[in-house]
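This report concerns only the one structure given below.
All chains are named by letter (A, B, ...) in the order of the sequence lines, taking the proteins before the strands, and each is independently numbered beginning at 1. Remember, it's a predicted structure, so these values are computed and weren't measured experimentally.
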2 protein chains.
Amino acid sequence: MSDRSSPGAALLAGPRELGELARELRVDSVRAADAAGSGHPTSSLSAADLMAVLLGRYLRYDFDNPGRPGNDHLIFSKGHATPLLYAMYRAVGAVTDEELMTFRQAGSRLEGHPTPRLPWVDFATGSLGQGLPLGAGLAWTTRRLEDGPARVWVLSGDGETAEGSVWEAAEFAGYHRLDNLTLIVDVNRLGQRGPTRHGWDLDAYATRFNAFGWHTRTVDGHDTAAIDDAYADAMDTNGRPTVIIARTLKGKGVPEVENREGAHGKPVPHADLAIAALGGEPQDRVGAHPRPPIDAAPPRRTSHADAAAPTFEVGGSLATRKAFGEALAALGTARGDIVALDGEVGDSTGLQAFADRHPERFLECYIAEQQLIASAVALQTRGWVPFASTFAAFLTRAHDFLRMATIGRADLCVVGSHAGTSIGQDGPSQMGLEDLAMFRALHGSTVLYPCDANQTAKLVGALAAGSGIRYLRTTRGATPVIYGPDEQFPVGGSKLLRGGSDDRATVVAAGITVHEAVTAADALADRGIPVRVLDLYSVKPVDADALREAAEVTGCLISVEDHHPEGGLGDAVAEAFADVDPAAPARPMPRLVRLAVRHMPASASPEAQLRAARIDAKAIEAAVLGTLGEGA
Amino acid sequence: MSDRSSPGAALLAGPRELGELARELRVDSVRAADAAGSGHPTSSLSAADLMAVLLGRYLRYDFDNPGRPGNDHLIFSKGHATPLLYAMYRAVGAVTDEELMTFRQAGSRLEGHPTPRLPWVDFATGSLGQGLPLGAGLAWTTRRLEDGPARVWVLSGDGETAEGSVWEAAEFAGYHRLDNLTLIVDVNRLGQRGPTRHGWDLDAYATRFNAFGWHTRTVDGHDTAAIDDAYADAMDTNGRPTVIIARTLKGKGVPEVENREGAHGKPVPHADLAIAALGGEPQDRVGAHPRPPIDAAPPRRTSHADAAAPTFEVGGSLATRKAFGEALAALGTARGDIVALDGEVGDSTGLQAFADRHPERFLECYIAEQQLIASAVALQTRGWVPFASTFAAFLTRAHDFLRMATIGRADLCVVGSHAGTSIGQDGPSQMGLEDLAMFRALHGSTVLYPCDANQTAKLVGALAAGSGIRYLRTTRGATPVIYGPDEQFPVGGSKLLRGGSDDRATVVAAGITVHEAVTAADALADRGIPVRVLDLYSVKPVDADALREAAEVTGCLISVEDHHPEGGLGDAVAEAFADVDPAAPARPMPRLVRLAVRHMPASASPEAQLRAARIDAKAIEAAVLGTLGEGA
């Protein structure tokens, strides 16, 4: 399946062509940034020889068919080196010279940093230190999950190895012995502000990667023969990923900027002189003609569409985290494209049920949340439907990976357990109290927050069917099963749990607070005060219609959430009463009251936590009475 | 100043006492978790011998005076091992046995995970992988900034070394040759869900730390003599931090749980049997009597209170990121307690001005945002006022460290540059579009967003004078200087830039959109439509009074922000119209219209970006006209 044993058999370009290709890449890098008036040509010039050899002799890629399963993957972790990346696309004929000159212009898909708007780009990069985690996840997917022939090549800067995420990935790739992964570190010695920590100390990098189980090669990054030898070595290496650590000059080939500080992130001062120094504009271009991919079938995904989702008896009691686990395990039977990823807390998040049922589609990422999300993002590029899960609180570790995933148009499901103060004794370090704010602010996200087991099971199915980043928030403690197994919970909907035409107030709740709200409403009903209860399980998109109708009937809405007051349910409710379209007809605005976690919790029982935060049934009851101007 | 050369000279406890102390720590760990009905005794039992030797013979600490500058620092990175930590406090007499039995109860300061509510705790821990970054920052502070004698001891679990943050810190500590830092890794082989990646392969850990420049020791973590020898070795080691990698048994000493899976995070099943197996309840306790700290003067901080903040001429033009840099450099002269921390983008964030002026109080953290924030959190525990800065977008990398800092009651300033789409051609990977949401949701935070240079300078001073996490958001491009240097900008305030009693609408803006709003208002005024413009530079706390007054006068508010629609300015405005206190008198609600970045931006000029996001002057003008039902 792999051709690792004979890397040289079909090598294409010779030394002269490689030198000329590198020159073309350099000239085009200078030209593109010059046309744009911005960009990073010097960071491109340092890596041009490395990429020329890769493109000319090793990369297996059908640029006409980016979806071919056997295609290699090339990831520019140093995403700012887009002049080089786009020059490569121009060299293979995927991009015309005319389009290359639209670099960084409004409307051009040749953005300042790469995004999957280009069909040959798998991931958005530009936040440094993400390419290797993504590449490691992809190498695991192609090799371990799909048993496919594709290789993964990651071009990284030197400065970005300071990111911890790089070492999460180094550990992951070494542990899984991903010999289909090659990292190329362009050690040009100069970061944005000044010299990097290790300068040209190539051994500093080699020692570190070696310690994490990698095969390491150091090389002169401007010697095409030496680079060729290093790639061949990487192809020949079994059982270990390879890192090629290349000594390069930033701005190589352009005397005005070569190896100089202060030349980062700007066009070279005199493009004409630079191009002359590089040997002038190429005439009869050699270009590049990458090797075709090895034929590979799409991955096998065995589904049993008739496999039923679990149902739970009304009146019973189960934690939504456990219902999630059971529902996902069942969904994994129904859909062969589901993959579950754990942050070494699967026994707590519910994910263990999936691991037990589908061990071949379960990936333990250990306590490394950046690699957890990176692996999920990698999986979805190859058509898998990943569910990544850990405590809601610890998902904040992966915030930047989630942010970049939205730029990368990634489709993935994320599940955060142990949300809110109601976890109890463990205290605030384990409480997700900012997660709704984080996920709501992600572009194109969906945020769901179930309150019972049947609702959870339904929303797990909805999650799998969605697009963008879909977040499910689960609760640690057992909660009553209040919905029948046949109830439907569309994304963007809500459920009216208590209500009539004479309701005097509306309590808007989600998750754990739904049960507190129902208790409060029933107590108030006993006192002759009818109160509406809305289960706002879809926090984003929010059910604006139901909220507006409740506002019309009851005049006031009281939101109650196990989350800090900013960015969560209260803000979502308020959003329903703000207009995006200023020309929309004005409407009466309700009174809004917000109950949320306004203090810093400590240890206490779950009940005491809700009480201390004033989001329990008693507090809701008091808030309704206060709002209505009636005494308790 | 240091006693590193004679570690044995004043050693206190002998082998018998150490063994007995370890036994007392184990029994108390079992008792505390048993009384609580929850907690992590097994993770405490594995490390009891390690901590007994540290407490009995090496830790220099005056428990009666936790503020003594020469006190060592002990950080439980495995924060769940609080039964052990609190048993140590009980052993030294800092906590009574009665208090120990309040573990995890409501009202007790002995929380499930440690927080600085206890005077001997520097940091909140419990999110794994944070202790070493915090400890490394502290070791740098005491050694490099203060030239003090304190040593830093970090107790870590084995599983948490999977966190990238650990390797950011390993690199940081190795690079700075922090030989006053000792990391103790309790390799008990068992994580929460199951075995760790490396099990008892101590060399796997040693090889990795060694590669990062550390002195490494492997040891039997239950052999007190061997542990003693390892600590002495750490004290003797110059020019490198030391890691002691200890092979231990989870649950050591309690047969029912020792070295067993499934015993994480719960009391031992039979406390009485466990205590009997441990030799019974201690009678004549040996306790512990730590060595006193080496006398040390508080750090020297030379201030020149008369040093003036910079002022800028009205009508000029300057980027707020540059004004920030100049203001902070001046503040660094006025206040000797200011320290600036950079994520290798100081030339872009403005921080370079501080680095040039105060190199001795400038810390380059390179591209490692977790270590950046951890170092800032460390600095503030010793009375410094840290300003940590990078691009707003990349601060998301440190979200979990920021979250934990709030639990740790940390006081620090964070500055995020390159906010919003207005950065232009670089594209979305470099745009902070979620940062307001992230910082607003942090408990006790302050969020400020200036629009001009003089306002920035004033807010930098306000930032330094505040408490909790204070965030300043700056803009890449130059903006007009519209405020005079004597204007005041109190936290929680706002500025009325255009307005009168006949205003027909209010535009609420901040930062870059203030200038767009003013342009729009002036164009509308020319058409006979008077519009109020509110500069809401204090996003949190928000100026509810000004917003409500504007609502009363104009009936509608149009918020416009260079941020995604969730969690930012629009939500802050809405918050002003929601009640925390339900008994507050109801008030008329205005119509709210929100302009925000609702699409995924690409590359374009700054002007084109604002136009594409529909947050430029033209869009504001149209929104006002639409809201008023008037044609454009």
Next item on the list: Evaluate the criterion salt bridge (Lys or Arg N to Asp or Glu O under 4.0 Å) for residue pair B:R594 and A:E575; output intermediate values, then yes/no.
Entry: CA-CA 9 Å; B:R594 294 188 186 194; A:E575 189 193 308; 5.1 Å; no
Notebook entry, point to check: Hey, are A:Q105 and B:S603 close enough side-chain-wise for a donor-acceptor pair under 3.5 Å?
Noted result: no
Next item on the list: Under 4.5 Å heavy-atom distance to chain A, tell me which part of B:T627 shows up: side chain, backbone, both or neither.
Entry: both
Item checked: Structural part of B:T196 lying under 4.5 Å from a heavy atom of chain A -> backbone
Check: side-chain contact (heavy atoms from CB on, under 4.5 Å) between A:Q425 and B:E111: does it pass, once the steps are laid out?
Finding: CA-CA 8 Å; A:Q425 288 84 353; B:E111 298 188 36; over 6 Å; no
Margin query: Using a 4.5 angstrom heavy-atom cutoff, name the option from B:G568, B:A584, B:A572 with the most pairs to chain A.
Written below: B:A584
Check: When only pairs under 4.5 Å are counted, which of B:M404, B:R440, B:R409, B:H564 shares the most heavy-atom pairs with chain A?
Finding: B:R440
Notebook entry, point to check: With respect to chain A, which residue among B:A393, B:A355, B:G629, B:A437 yields the maximal number of heavy-atom pairs within a distance under 4.5 Å?
Noted result: B:A393
Next item on the list: Dump the intermediate steps for side-chain contact (heavy atoms from CB on, under 4.5 Å) on B:M438 and A:E434, then the final yes or no.
Entry: CA-CA 8 Å; B:M438 178 172 79; A:E434 300 87 352; over 6 Å; no
Next item on the list: Go through the steps to decide whether B:R193 and A:V345 satisfy the test side-chain contact (heavy atoms from CB on, under 4.5 Å), and finish with yes or no.
Entry: CA-CA 6 Å; B:R193 177 175 171 261; A:V345 285; over 6 Å; no
Next item on the list: Quick one: pull up NE2 in B:H399 and CD in A:E369 and give me the separation to the nearest 0.5 Å.
Entry: 13.0 Å
Margin query: For A:E171 and B:H198, which I'm curious about, is there any donor-acceptor pair between the side chains at under 3.5 Å?
Written below: yes
Item checked: Short side-chain to backbone donor-acceptor contact, B:R403 and A:S429, under 3.5 Å -> yes
Next item on the list: Between chain A and each of B:R598, B:Q192, B:E168, count heavy-atom pairs under 4.5 Å; write down the option with the most.
Entry: B:Q192
Item checked: 4.5 Å side-chain heavy-atom contact, B:R197 and A:F172 -> yes
